[in-house]
Q: 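There's a structure below that I have some questions on.
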Amino acid sequence: MPEDRDTVSSVSLETVSPLEARAPALPDEPSGRSRRPRMSRRGVLTWAGVVPFLAYAAFFLLIPVVVLVFKTFTTANGGFTLENVRALASGQYRASFIASIQVSIISAIGGGLFGLFVAYAAVRGRGPRFIQPLLTTFCGVASNFAGIPLAFAFIATLGANGVVTVLLADVGLHIYSHGFTIFSLAGLSLTYIYFQLPLMILVIAPSLEGLRVEWREAAENLGATQSQYWWRIGLPVLLPSLAGAMVLLFGNAFSAYATPYALSGGGINLVPIQIGQVLSGDVVITNPRLGDSLAFGMICIVGVTVLAYALLQRRAARWLR
Amino acid sequence: MASVAAPAEKKARRAPREHRRPSFWTIFWLIMAALYFLIPLYSTLQFSLETGQHSYGFKWYGQTFADPMFRTSFLFSLRLAVETVIIGLVLMVPTVYWVHLRLPQLRPLMDVVSILPFVVPPVALVVGLSGVFNVLPWMLSNSQILAFIYVILALPFTYRSLDAGMRAINVKTLTEAAQSVGAPGWKTLLFVILPNIRTAMLSGAFLTLAIVMGEYTISSLLLFNTFAVYMYYIGNTEAQPAAALAIISFTLTWGAMMGLFLLSRRRGRGSSPGVTAVSR
Amino acid sequence: MARLDLHGIHKEFGEVTALAELSLEVESGELVSLLGPSGCGKTTALRIVAGFEQPTRGELLVDGSDVIPVPASKRNMGMVFQAYSLFPNMTARQNVEFGLRMRKVARDKCRARAAELLELVGLAARVDNYPHELSGGQQQRVALARALAIEPAILLLDEPLSALDAKVRVDLRQQIRHVQQRLGITTLYVTHDQEEALSISDRIAVMSDGNLEQVGAPAEIYRSPHTEFVANFVGLMNGFDGRVQAADMVTIGSSERPIGVHEGHGCTAGGRVLVLIRPESVQLEELVDGAAVPDGAFEGKVLMHTFLGSVTRMNLSSDVGDLVADVPSLRALTMPPDTRVGVRVDPAGVKLLAR
Ligand SMILES: Nc1ncnc2c1ncn2[C@@H]1O[C@H](COP(=O)(O)OP(=O)(O)O)[C@@H](O)[C@H]1O
Ligand SMILES: [Mg+2]
């Protein structure tokens, strides 16, 4: 969408009454407008149009986060402290972060690579035409089919009496006697991949479509082999999107609460589960502000991943359109 | 008279669909994906239909549907979903319209705000909200509060659908056209803009529906008995009705996504909104 | 430098016949254009030569040896695509070097050759720019340099200018022709733009629906099209049903007035023919106030002017039907719409095709 010059100029052409000109500038003013010190009545009204939304977002999103951060760094009687953050680095909390990061990495890489291959097969695989819309719809369903019902589905599949567990036992592979459980790292990752895989497909498919046939053919025409094409052109071009997508999957897994909770009945040490326990008072803790600092740590990690994703997407957009 | 000018060539054709057979790896990965998607569903379905050693039937479904708690929790979640959709649209449609029409310079801010719900995972949001509710405890007294929170969860999807929808119809030109024939602002929004972004609104609504019907984290931690909370409760007591519930829930998600798919179909190859939500 | 022969190249995509027994020879150092409307099989022909498609049957010879079994990566043909074919992750220089690197040419030699070629296409200053930092025309010049870097036996261009602005298009086609002649490289050039084909080619092969309609030098194609299709596709043409009255005389439609033609058109007297007249061969003279139509002319009326610069295109209605005439703009000023005119046709500009 092009810059909306007309709007801006029509506002500036309004007559400015001296009284209103002294009205204080609005707090949320972004760069474009802040150079304009005087504001007409129309100008103020224009800005008023977004106030309900911003107020809503502030109340239900921003203020809660601010409160949470504030509580993380203060003691009950208001003094500044780093104690709450420091507590994250030890004991079960440290372990929960490590476990969360592990599951997130494994399911991001596993689901990411799996999704990459599936998406490539669908986009470039010369399969029948109906494959792509079918896959997109299915991915929409599967990436939304998470939480409690997903956990049930995997318990029915890979639980101690799950259909696949029994099937494997019939052919002599007793996975549970090899230490597998549905809430082990492996079981958890397998379950997460159910929503990671479709998300990956949805996120990466446009980038794969952006890989132009001309590049492959030009490379071939200039004497490159299939693998030379991939190493020198295909992968370098895809890399930002790939990294971005995987980072997104990481954050996606890191945030998951309902799925691991239902898989394990809350008996697994992940950051979101820890937070849930603090919130619901399931565990006796000496420091009630640990919930805030855990959430703070979580927001930091997920925030970094979303930021990294956004930056990588922008990088990717330069090459893939 | 036979004078012909050279016809203009169409735009560069992308990947030509060749009549070659798909390769082994194409088939392999598509089958792997199909298996990964379908096996858990199949297992759950089988589990939910098992009524004895080797007998199958709809016993657990019948039992589920007969359970008054199923009905109350389901209707509760459905009501929340409808409320969330309404609050979300009432809040977002005028805002996005206004930003497109008058404050295009605010678009980056809107983009960032609408991504924030991804940055603050639901559990963390509950932590923050609890801090607020400690000061304003009356807010938790009414279950309506959930719908207001869900609007935040659905915000990224609602915003993106509406943004894409309004981008596609060039709101500014339409509005100016309406105003040039004398329509006041609210009439323009109601009778000119709304009919044109119906698809965008509906796709936002379907995604919201999928999110709210499966939402567990927030409702369970704030102690409200939504459909997902009920599902979890059943899962703790009986495995097979839980499987039946999972299938019902899947069907629901499928329905919402099919609605979304059919919408994008009808629109041709328009910009399809993101189709994934957060209810992990 | 090489000679290219296509012998009975046939290509089917499922039900669709994209090429029907195409035979074409391209002499060493010659630039031949494949010209035809969209979907007529030009790209398919080019891709078969490049090795991206296998023909259903037929022979493809480079300097007399069959190259059909040779994979695209070994054919040593430089290809320039319609657009967006530059590797986005490489600079202009790296793009040009790519083919040489694939051939394991030493790094400093690659650099020197890339510099030389980018110089040749006038981009010496942009060597370190990435494709997204270059304009469409610059990108296509890099693509040309990249295709030339491998010293290909044959240069293939698939509508390399069609994504560019009109002005750039004209500049660049001259540059392509210049470079091609300087290097004396055998070239197959695909285009749907007849003006482009006329201006750039040694010979033009006009195609329609997978068939070769006519091959010949630009002037020949323009002056004496062999088929109605060629006549209509190349340049603007007035076409009428007519009947040969004598070796040097035809009549058009139901009109009695004969039009002179040069002899040797090969159509039998009394036979029905298609009479083709280029707009520039139509001559008009103003008829003032009920003046009689002069001998050898027929009567017409000016309907519309389209100013094209030095000439003005005039749409006319006449005894024999509607027609188009290109008239020097100065003369056209004296014949505004609704003017009665006498229409004459230069016998040299009349072409007959037997019906
Ligand atoms: N990969 C393909 N699969 C099926 N049909 C094709 C393919 N490539 C080209 N065709 C068909 O072959 C015909 C010629 O196409 P093409 O060579 O691209 O024409 P042009 O380049 O002259 O526009 C068209 O009818 C087109 O639809
Ligand atoms: Mg083509």
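Hydrogens, waters and symmetry mates are skipped; everything else that's a heavy atom, side chains included, is used. Chain naming here is simple, since letters A, B, ... match the order of the sequence lines and numbering starts at 1 in each.
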Q: Between atom CH2 of B:W25 and atom OH of A:Y120, what is the distance when rounded to the nearest 0.5 Å?
A: 14.0 Å

Q: With a cut-off of 6.0 Å (strictly less than), are more than 12 heavy atoms of other residues, nucleotides or ligands near OH of B:Y233?
A: no

Q: Mind listing the closest non-hydrogen atom pair of B:P121 and A:I299 along with its distance?
A: CD-CG1, 4.2 Å

Q: Rounded to the nearest 0.5 Å, how far apart are CD1 of B:I149 and CG of A:L61?
A: 11.0 Å

Q: So do B:F118 and A:T305 actually touch side chain to side chain, heavy atoms under 4.5 Å?
A: no

Q: Quick one: of B:F47, B:F28, B:Y232, who has the most non-hydrogen atom pairs under 4.5 Å with chain A?
A: B:Y232

Q: Does A:L68 form a side-chain contact (heavy atoms from CB on, under 4.5 Å) with B:V120? I'd like the steps, not just the answer.
A: CA-CA 11 Å; A:L68 176 166; B:V120 185; 5.8 Å; no

Q: With rounding to the nearest 0.5 angstrom, report the OG to CG distance, B:S43 to A:N161.
A: 12.5 Å

Q: Relative to chain A, which segment of B:M92 carries a heavy atom at a distance below 4.5 Å: side chain, backbone, both, or neither?
A: side chain

Q: Less than 4.5 Å apart, any side-chain heavy atom of A:L190 and any of B:Y36?
A: yes

Q: Counting only non-hydrogen atoms closer than 4.5 Å, does B:M139 touch chain A with its backbone (N, CA, C, O), its side chain (CB onward), both, or neither?
A: side chain

Q: Considering only heavy atoms, which portion of A:F154 lies under 4.5 Å from any heavy atom of chain B: side chain, backbone, both, or neither?
A: side chain

Q: Working to the nearest 0.5 Å, report the span between CD1 of B:I234 and CD1 of A:I148.
A: 12.5 Å

Q: Quick one: closest heavy-atom pair of B:G235 and A:F152, and the distance?
A: CA-CZ, 3.4 Å

Q: Do side-chain atoms of A:Y56 reach the backbone of B:F148 as a donor and acceptor pair under 3.5 angstrom?
A: yes

Q: Among the options A:I275, A:I193, A:L307, A:I63, pick out the one with the most heavy-atom pairs lying under 4.5 Å from chain B.
A: A:I193

Q: Counting heavy-atom pairs closer than 4.5 Å to chain A, which one of B:A124, B:P40, B:A33 comes out on top?
A: B:P40

Q: Within the structure provided, determine whether B:N134 and A:K71 are in side-chain contact (heavy-atom separation under 4.5 Å).
A: yes

Q: Distance from A:Y261 atom OH to B:S220 atom OG, nearest 0.5 Å?
A: 6.5 Å

Q: Can you find a pair of side-chain heavy atoms, one from A:W47 and one from B:L106, that are under 4.5 Å apart?
A: yes

Q: Given heavy-atom pairs under 4.5 angstrom as the criterion, report whether the side chain, backbone, both or neither of A:V118 touches chain B.
A: both

Q: If I measure from the heavy atoms of chain A, does B:L252 come under 4.5 Å with its side chain, its backbone, both, or neither?
A: neither

Q: What part of A:L167 is in contact with chain B, defined as an atom under 4.5 angstrom from a non-hydrogen atom: side chain, backbone, both or neither?
A: neither

Q: Does a sphere of radius 6.0 Å around CZ in B:F133 hold more than 12 heavy atoms from other residues, nucleotides or ligands, not counting ones at 6.0 Å or beyond?
A: yes

Q: Check whether A:L197 gets within reach of chain B through its side chain, its backbone, both or neither, counting any heavy atom under 4.5 Å.
A: side chain

Q: Relative to the ring of A:Y194, is the ring of B:F37 parallel (under 30°), tilted (30 to 60°) or perpendicular (over 60°)?
A: perpendicular

Q: Quick check: does any side chain N or O of B:W98 sit under 3.5 Å from a backbone N or O of A:T46, one acting as donor and the other as acceptor?
A: yes

Q: Hey, what do you get for CZ (A:F59) to CD1 (B:I152), rounding to the nearest 0.5 Å?
A: 10.5 Å

Q: Of the backbone (N, CA, C, O) and the side chain (C-beta and beyond), which part of B:L136 lies under 4.5 Å from a heavy atom of chain A, both, or neither?
A: side chain

Q: So which atom in B:V113 and which in A:A57 form the shortest heavy-atom distance, rounded to 0.1 Å?
A: CG1-CB, 3.9 Å

Q: Using non-hydrogen atoms only, which part of B:I87 is less than 4.5 Å away from chain A: side chain, backbone, both, or neither?
A: side chain

Q: Show, in sequence, the C-alpha distance, side-chain angles and deciding distance for B:V123 and A:V271, and conclude whether the side-chain contact (heavy atoms from CB on, under 4.5 Å) test is met.
A: CA-CA 10 Å; B:V123 230; A:V271 181; over 6 Å; no

Q: Please classify the contact of B:L222 with chain A as side chain, backbone, both or neither, using a heavy-atom distance under 4.5 Å.
A: neither

Q: Under a 4.5 Å cutoff for heavy-atom pairs, which residue among A:F117, A:F296, A:F254, A:Y192 has the most contacts with chain B?
A: A:F117

Q: Below 4.5 Å, heavy-atom pairs only: which of A:D292, A:I301, A:L150, A:L135 has the largest tally toward chain B?
A: A:D292

Q: Under 4.5 Å, counting heavy-atom pairs only, tell me which of B:V151, B:I115, B:I27 racks up the most with chain A.
A: B:V151

Q: Between B:F250 and A:F138, what is the ring plane arrangement, given parallel below 30°, perpendicular above 60°, and tilted in between?
A: tilted

Q: Assess the residue pair B:V99 and A:F53 against the criterion (side-chain contact (heavy atoms from CB on, under 4.5 Å)); give the C-alpha distance rounded to whole Å, side-chain angles, the decisive distance to 0.1 Å, and a yes or no.
A: CA-CA 11 Å; B:V99 167; A:F53 168 73; over 6 Å; no

Q: What I'd like to find out is whether the side chain of A:P149 reaches to under 4.5 Å of the side chain of B:L245, using heavy atoms alone.
A: no

Q: Quick check on A:V50 against chain B: is it the side chain, the backbone, both or neither that has a heavy atom closer than 4.5 Å?
A: both

